[in-house]
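Okay, structure first, notes after.
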Amino acid sequence: MRVINLASGSKGNVTFFEASNIKLLLDAGLTLREIEKRLELINEKAENIDAIIITHEHVDHIKGFIPFLKKYNARGYIHKSLESRVLKDLPQAIIDKISLIETYDFSIGEVKIMPFELPHDSISCLGYCFMYKDRKVAFATDLGFMPKLALDAIIGSDLVYIESNHDLKMLRNCKYPYIVKQRIMSDHGHLSNNQAAEIVLRLARHGTKYFVLSHMSENSNTLEQAYLASARLLEDSGFVLEKDVFLRYSRQDMPGNNFNFGEDKND
Ligand SMILES: [Zn+2]
Ligand SMILES: [Zn+2]
């Protein structure tokens, strides 16, 4: 199993996943050209992508989705509540390439996909676990808080991509209008660094070793602030970083760490 985030943040989200000869993208929130470029950076080709799975309909997750399906052979997977929004005015040939999913497990080849609902200000928002053999990776970004059902789904993952969107103090003082700040802080907005840290700690206590702090705000967060919030809580709770738990972060401008499970070592 191989996982690499290609872009993360409010300007676009794409993650590459590979297992058992299946190559997937989770979200396609960059332009088609930029998705092709980022795939080239990790020595992958867009024409070899089997499927694109979408979390929700915000533009930073879906921008390149339809252009990608128009150009390449991949299948698309979206929540059924997005049918009228996303499939509107599309040619039948493209509609036929899109599967409408609910929060039930499904498989692509030998990869098992487990969607779960997240609270966010979109029509619907899904997190996912991708499982192959005894390995499991979870993705939870774009959520105002972590519901118990979602946490239960994620527990036991080898690797978790978790949103660490903003530092509360920086958000309060940044240039966003009040209404936008309220939205981000709400139960249907985004996780703060401290909220992310609490979730990281709970998952680490259940055995997860690898975490990637994700979807960081460019205006109300820094890589250091996000990292320190989780790192301090883990260390205060007795975890040794780089031994018990490995904390990484994904970036907006370039691909992140390459995780290989069951094969080579992670970098
Ligand atoms: Zn987003
Ligand atoms: Zn969103």
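We use all heavy atoms of the structure for the numbers below, so side chains are in, but hydrogens, waters and symmetry mates are not. Note that ligands are numbered from 1 as they come in the structure, with each ligand's atoms numbered from 1 the same way.
Ring to ring, Tyr128 and Phe139 are not that close: their centroids are 6.0 angstrom or more apart.
No side-chain heavy atom of Ile22 sits under 4.5 Å from any side-chain heavy atom of Glu110. Annotation: side chain of Ile108 is in contact with side chain of Ile53 (closest heavy-atom distance under 4.5 Å).
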When the side chains of residues 8-17 are checked against the rest of the protein, which donor-acceptor pairs come out under 3.5 Å, sequence neighbours left out?
| residue | atom | partner | partner atom | Å |
| --- | --- | --- | --- | --- |
| Ser8 | OG | His215 | N | 2.7 |
| Ser8 | OG | Ser250 | OG | 3.2 |
| Lys11 | NZ | Glu218 | OE1 | 2.8 |
| Asn13 | OD1 | Gly9 | N | 3.0 |
| Asn13 | ND2 | Gly9 | O | 2.8 |
| Asn13 | ND2 | Asp60 | O | 3.1 |
| Asn13 | ND2 | Asp60 | OD2 | 3.2 |
| Asn13 | ND2 | His61 | NE2 | 3.4 |
| Thr15 | OG1 | Asn5 | ND2 | 3.0 |

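For the Zn ion (ligand 1), the count of nearby protein N, O or S atoms, meaning those under 2.8 Å away, is 4.
Residue pairs meeting the side-chain hydrogen bond (donor to acceptor under 3.5 Å, both in side chains) criterion with at least one member in residues 94-106, sequence neighbours excluded, are Arg75-Ser99, Gln92-Asp96.
Apart from Leu171 itself, the hydrophobic cluster it occupies contains Leu168, Tyr176, Ile179, Val180, Ile184, Met185, where clustering links Ile, Leu, Val, Met, Phe, Trp and Tyr at side-chain heavy-atom distances under 4.5 Å.
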